[in-house]
Amino acid sequence: MSPRTNDDESGERQVNREQDGTAPDGTAQDDAESSAGGCADASASGAGNPAAGLEEDAEPDSAERAAPGSEEPSAPGPDRRVAALRRFADAGRRWRAVQLVGCAALLAVAVTGGAIAFGADRAPASAPVASSAVDPGVLGGGSLDASVAALQAHLRTQPKDAGSWATLGLAYVEQARTKGDPARYPQAEQALRRSLSLAPDSDQALAGRAALAAARHDFTGALTCADAALRQNPYSERALSSRIDALVELGRYTEASKAAETADARRPGVPVFTRYAYVHELRGDVTTARRVLQQALASATSPGDLAYVAAQLGQLAWNQGDYRTALGYYARALAADDSYLPALEGRARTQAAGGDRAAAIKGMETVVSRYPLPGPLVELGELYEARGAAGDRARAQRQYALVDTWITLARAGGVNADLDTALAAADHGDKAAALRAARAEWARRHTVHTADALAWALHVNGLDAQALPYARRATATGYRNAAFLYHRGMIELATGHRTDGRASLTSALRLNSGFSPLGAAQARKALEAAK
């Protein structure tokens, strides 16, 4: 299932039931290495030391640190990196006031503990964008970090094991995605190159490159690599899933629907079911989306699958304003995995929408304290603003500043963060930068999410006549998204289309009355003023 880019912004999606590594998350990359030529050239690019550049920390992260010249990198320390990132933001560093080069240099030292970030070559966070859940196929029942350490130990003794290099590369993608640590993407690239240098036709490694491309927001590259993997193995579940993701994120919805049908015929299961459902949701067919997700939940057996699918059903219910049902599904997800961040985040959003702001703030603080990704950071900042207690304005600004920090780190890891920038900066940052980013993203791909982001960026910059066609395009597929309707309504009012604007705002609030801590209140205020 494709990431719900404008809903959770982190690509909070997990592909489960794979036996050979982590899964694509639908977030993506803008890296020439994994675009059209990347898959074809990968087999020739692994010469020399395959571990070169994979781990460049100045100090070891653990006792698993490889000896100099070893063929494998050290175990990562994503929690330390994320903790450093939060300390930096909480110390009041104002990244917007720093020149970009200086910011990137300081970030490289402060967040990675001395790692060399330059020359390394985004995802929401995100997840979007970004998921905090880990693919059980990578973990083998254990923790992600432990699985990475085990792979590294194995590759020290078996450095020509192409499959393990592919799995390690996928595990690095998963670490970057789930730990909010984009510095792992260049390491994933190296591991996957090493795999392809040993086995040039490996569908596992090619599918891994598709996952990496998606994680860095290079959806054209993800499609190319997925197609290359499917030429080797037409039944590769990961490649079939990645192909759907890429087509969705490129706005090629008719082709995505056909790809979902093909995947369902070849490899029916949770990963395909969830993507099939999302393709239908994007077209406004919520009934089919719900039915397919319920089918996926009924077929799920592992805790990871149960948590993942239940959280998707919770998100679908929240989108429709059915908060009671959403909370029920999030509870089911957390019963399967009480640390599953998409469910924790979704529950907090739903609590906020239902009026339980205190519980929502507490829950979202838990989420961002673990993995500070753009979507939850913006949500928490807006919750602080909506509460309006002493010090809340400053608290909110710290969350928005941390988004800027994450985006800088993501770009250093080779991630295209333009959509994250456009979404966050339009309301809480540099409006001109938001417009530049939205235009750049629209030039790459035409989706409902990029149309909405461009429309809103144009609006906040006073260019409403230009914004209106994009706002209407964002809602043209029938996708039921209250934020899109809110943006469209505000733009319609600004362009003198009062009847249409009032209808759009009414529809937004009727669909999901608590779609945003600040936006919902602004929609009501604008609707009242337009009477």
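The figures that follow rest on heavy atoms only: side chains count, while hydrogens, waters and symmetry mates do not. Quantities reported herein were computed from a predicted structural model and do not represent experimental measurements.
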inquiry  = Keeping S164 on the side-chain end and L155 on the backbone end, is there a donor-acceptor pair under 3.5 Å?
reply    = no
Exercise. Evaluate side-chain contact (heavy atoms from CB on, under 4.5 Å) for L223 paired with T220, printing each intermediate quantity in order.
Key: CA-CA 5 Å; L223 180 59; T220 300; 5.8 Å; no
**Item:** Heavy-atom donor-acceptor pair, S195 side chain to L192 backbone, under 3.5 Å
**Value:** no
Those residues at least two apart in sequence (or on a different chain) that pass salt bridge (Lys or Arg N to Asp or Glu O under 4.0 Å) with R347 are none
*asked:* Contact between R480 and N319 at the side-chain level, heavy atoms closer than 4.5 Å - yes or no?
replied: no
Value for OG (S504) from CG (L509), rounded to nearest 0.5 Å, stands at 11.0 Å
Across all chains, not counting sequence neighbours, the side chain to side chain donor-acceptor pair (under 3.5 Å) partners of R473 are none
Salt bridge (Lys or Arg N to Asp or Glu O under 4.0 Å) filter on E441, not counting sequence neighbours, yields R444, R445
Heavy-atom closest pair (V248 atom, A256 atom, distance to 0.1 Å) is CG2-CB, 3.6 Å
- Query: Strictly by modelled atom types, are N233 and Q204 linked by a side-chain donor-acceptor pair under 3.5 Å?
  - Reply: no
TODO: Starting from the C-alpha separation in whole Å, work towards a yes-or-no answer on side-chain contact (heavy atoms from CB on, under 4.5 Å) for R243 and T262.
DONE: CA-CA 11 Å; R243 190 168 195 277; T262 297; over 6 Å; no
Applied to residues 252-265, the salt bridge (Lys or Arg N to Asp or Glu O under 4.0 Å) test, sequence neighbours excluded, yields R252-E255
**Asked** Quick one: are V403 and D420 in side-chain contact, heavy atoms under 4.5 Å?
**Response** no
dist W442:CH2 -> D452:CG (nearest 0.5 Å) comes out at 10.5 Å
All heavy atoms of A438 vs all of L454, minimum pair found to be CB-CA, 3.7 Å
dist E281:CD -> T287:OG1 (nearest 0.5 Å) comes out at 11.5 Å
With side chains defined as the heavy atoms from C-beta onward, is the minimum distance between P372 and W406 less than 4.5 Å?
-> no
Please test V309 against V270 for side-chain contact (heavy atoms from CB on, under 4.5 Å), starting from the C-alpha separation and ending with a verdict.
-> CA-CA 8 Å; V309 181; V270 169; 3.6 Å; yes
Lys/Arg-Asp/Glu bridge criterion (N-O < 4.0 Å) met for E237, R266:
no
Rounding to 0.5 Å, atoms OG (S299) and CG (L306) come to a distance of 9.0 Å
By side chain to side chain donor-acceptor pair (under 3.5 Å), R332 pairs with (sequence neighbours left out) none
Report task. Go through the steps to decide whether R209 and L196 satisfy the test side-chain contact (heavy atoms from CB on, under 4.5 Å), and finish with yes or no. Result -> CA-CA 10 Å; R209 287 182 69 86; L196 286 167; 3.2 Å; yes
Angle class for the Y276/H280 ring planes (parallel below 30°, perpendicular above 60°, tilted otherwise)?
tilted
Please tell me if the side chains of R370 and L344 come closer than 4.5 Å, counting only heavy atoms from C-beta onward. yes
Across all chains, not counting sequence neighbours, the ring-ring contact (aromatic ring centres under 6.0 Å, His included) partners of H154 are none
Side-chain touch R184/V173, heavy atoms, less than 4.5 angstrom:
no
Residue set satisfying side chain to side chain donor-acceptor pair (under 3.5 Å) with S202, at least two apart, ordered chain then number -> none
Taken in chain and number order and not counting sequence neighbours, the residues that satisfy side chain to side chain donor-acceptor pair (under 3.5 Å) with D201 are none
Check: Are Y479 and H449 close enough that their ring centres sit under 6.0 Å apart?
Finding: yes
Taking every heavy atom of A307 against every heavy atom of Y340, the minimum-distance pair comes out as O-CE2, 3.4 Å
- prompt: Below 4.0 angstrom, N of the basic side chain to O of the carboxylate: do D418 and R411 qualify?
  reply: yes
Taken in chain and number order and not counting sequence neighbours, the residues that satisfy ring-ring contact (aromatic ring centres under 6.0 Å, His included) with Y329 are none
Note: A188 and G169 closest approach over all heavy atoms is CB-O, 3.3 Å
- Query: Is Y278 close to I244 at the side-chain level, that is, under 4.5 Å between some pair of heavy atoms?
  - Reply: no
By side-chain contact (heavy atoms from CB on, under 4.5 Å), A359 pairs with (sequence neighbours left out) Q351, D356
### Message
So does Y253 get a backbone contact from the side chain of S257, meaning a donor-acceptor N/O pair under 3.5 Å?
### Response
no
Could you tell me whether the side chain of S513 and the main chain of R510 form a donor-acceptor pair under 3.5 Å?
no
Residue set satisfying side-chain contact (heavy atoms from CB on, under 4.5 Å) with A326, at least two apart, ordered chain then number -> A317, W318, Y330, T350
Applying ring-ring contact (aromatic ring centres under 6.0 Å, His included) to F515 and not counting sequence neighbours gives Y486
Taking every heavy atom of N481 against every heavy atom of L511, the minimum-distance pair comes out as N-CD2, 3.7 Å
Looking at T366, is its backbone amide N or carbonyl O close enough to the side chain of S369 to form a donor-acceptor pair, meaning the two atoms are under 3.5 Å apart? yes
The reported gap from CG in L198 to CZ in R193 (rounded to nearest 0.5 angstrom) is 14.0 Å
Nearest heavy-atom approach of G363 to A348 is C-CB, 4.2 Å
Separation between CZ (R283) and OG1 (T288), nearest 0.5 Å, reads 11.5 Å
